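As the structure is a computational prediction, the values presented were derived from the model and not from experiment. Residue numbers begin at 1 in each chain, while the letters A, B, ... track the order of the sequences.
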Protein chains: 2
Amino acid sequence: MNRPPTKSVKAYPLPLKGNPGRTREEHSQETALDYAELIAELISTTGAARVTELARRLGVTHVTVNRTIQRLQRGGLVRTRPYHSILLTGAGWKLSEESRRRHEIVVGFLKSIGIPDAVARSDAEGMEHHVSKKTLAAFVKHLKRRGLHKPSR
Amino acid sequence: MNRPPTKSVKAYPLPLKGNPGRTREEHSQETALDYAELIAELISTTGAARVTELARRLGVTHVTVNRTIQRLQRGGLVRTRPYHSILLTGAGWKLSEESRRRHEIVVGFLKSIGIPDAVARSDAEGMEHHVSKKTLAAFVKHLKRRGLHKPSR
DNA sequence: CCCAAATTGTAGCGTAGGCTACAATTTGGC
DNA sequence: GCCAAATTGTAGCCTACGCTACAATTTGGG
């Protein structure tokens with residue numbers, strides 16, 4: 001009776017999402033980047049990356065951090081010893097630097113269009129993983145045009 | 001021996017992430033928005049929102065779509081009948097419109113800084129859920145200043 | 001030096017969201 | 001009107017990532 005117009009929809013050439021659904025790996029990689037960046041920051045600023053501090057900064061319990069760190073270790077990004085600071089491997093450092101660069105560009109860009117520092121940092125946190133290379137390049141270009149490269153900090 | 005400087009780190013007043021870790025709910029809500037927006041679009045353009053088409057557009061299998069739709073139904077956003085088109089409830093429509101508005105602002109903004117349409121749409125897909133009200137407002141302001149409000153489409 | 005507090009680790013549970021394999025239903029061509 | 005193909009639904013498995021509760025280890029104050 002009130003059957004939807006199935007037939008007429010059949011051959012629609014509607015575009016697929018540019019982002020074909022974050023596959024498992026992609027999403028997992030976002031977490032890895034966040035952790036790597038934060039671990040690097042903690043080591044730089046405090047000399048150690050500790051589970052409790054990571055948990056506090058990420059807003060999760062230490063249990064979640066612990067399990068994630070184990071996964072990162074399986075992936076070769078960090079090394080750990082029980083009850084000691086988390087250490088980044090070469091690959092981990094590389095990743096953290098890529099992430100940091102990207103993060104700073106996004107923050108700098110948001111601030112350049114008048115967004116307050118705190119908001120810019122907060123928003124960038126989630127946005128940065130969804131900014132393509134082309135868009136990142138556009139951000140950089142925008143910053144350069146305004147003589148704001150490198151950002152603030 | 002090589003114990004990290006635990007003591008000295010104790011009282012660091014390092015800032016928490018502005019985003020205190022996407023709680024379960026937040027993340028779940030992102031999915032709901034994506035689905036609601038896409039369902040609305042499909043209904044508008046083709047007259048029906050069908051599981052297979054959603055799956056194709058989202059880049060996942062129909063099984064994943066089906067389970068998610070069941071969750072949305074539990075949440076009162078959609079109504080379904082077996083083997084029929086998915087329908088949006090009032091709440092679902094409202095959500096889809098909020099999502100659509102936000103999406104268009106982000107896309108419009110990205111395009112306004114020189115990013116190609118396809119890239120802008122793709123990036124906006126992921127970014128839109130991480131743009132705060134303040135940043136969204138800044139985007140709108142930026143667009144208005146350039147007389148580009150409403151965006152393209 | 002010892003013992004309480006802090007930190008870290010582990011066990012086990014729940015949901016979200018991917019998947020394959022297979023069953024049920026609908027659609028459409030013949 | 002039938003039967004194959006397409007669509008939709010269901011069962012069951014996996015990982016990610018939240019959590020609480022509890023165990024193990026380290027740290028530091030007395």
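In this model, the phosphate group of D/dC19 is approached by a side-chain N or O of A/T64 to a distance below 4.0 Å at OP1 or OP2. A close approach under 4.0 Å does occur between a side-chain nitrogen or oxygen of A/Q70 and OP1 or OP2 of C/dT10.
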Show each protein N/O and nucleotides 21-25 of chain D N/O combination with a separation under 3.5 Å, one pair to a line.
from   : atom 1 : to    : atom 2 : distance (Å)
D/dA24 : N3     : A/Y83 : OH     : 3.1
D/dT25 : O4'    : A/Y83 : OH     : 3.1

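In this structure, of D/dT7, D/dC19, C/dG9, it is D/dT7 that holds the atom nearest to the side chain of B/R50. The nucleotide whose nearest atom lies closest to any side-chain atom of A/T61 is, among C/dT20, D/dC17, D/dC19, D/dC19.
Rounded to whole Å, atom P of D/dT10 lies 11 Å from atom CD of B/Q73. Spacing between atom CZ of A/R81 and atom C1' of C/dT8 amounts to 14 Å, rounded to whole angstrom units. Between the CD atom of A/E30 and the C1' atom of D/dC17 there is a distance of 13 Å, rounded to whole Å. Rounded to an integer number of Å, the gap from A/N66 CG to C/dT8 C1' is 7 Å. Protein atom CG of B/L33 is 15 Å distant from nucleotide atom P of C/dA16, rounded to whole Å. Atoms OH (A/Y35) and C1' (D/dG18) sit 10 Å apart, rounded to a whole Å. Computed from coordinates, the B/L87 CG to D/dT8 P distance equals 13 Å when rounded to whole Å. Between the CG atom of A/L54 and the P atom of C/dA6 there is a distance of 20 Å, given to the nearest Å.
In terms of the side-chain contact (heavy atoms from CB on, under 4.5 Å) criterion, residue partners of B/T89 (sequence neighbours excluded) are, by chain and number, B/R79, B/A91. Not counting sequence neighbours, B/T52 has no partner by the side-chain contact (heavy atoms from CB on, under 4.5 Å) test. Applying the side-chain hydrogen bond (donor to acceptor under 3.5 Å, both in side chains) criterion to A/Q73, with sequence neighbours excluded, gives A/T80. Listed by chain and number, the residues in a side-chain contact (heavy atoms from CB on, under 4.5 Å) with A/E97 are A/W93 (sequence neighbours excluded).
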Atom pairs and distances, side-chain donor-acceptor, residues 135-144 of chain A, under 3.5 Å, sequence neighbours left out:
from   : atom 1 : to     : atom 2 : distance (Å)
A/T135 : OG1    : A/S132 : OG     : 3.3
A/T135 : OG1    : B/D123 : OD2    : 2.5
A/H142 : NE2    : A/R146 : NE     : 3.2

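Salt bridge A/R102/A/E98: absent, no basic N to carboxylate O contact under 4.0 Å.
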B/R50/B/E53 under salt bridge (charged side-chain N to carboxylate O under 4.0 Å, His left out): CA gap, chis, key distance, verdict:
CA-CA 5 Å; B/R50 305 181 58 205; B/E53 183 61 16; over 6 Å; no
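Of the two residues contacting DNA chain D, namely B/R67 and B/T52, the nearest-nucleotide position lying further toward the 5' end is that of B/T52.
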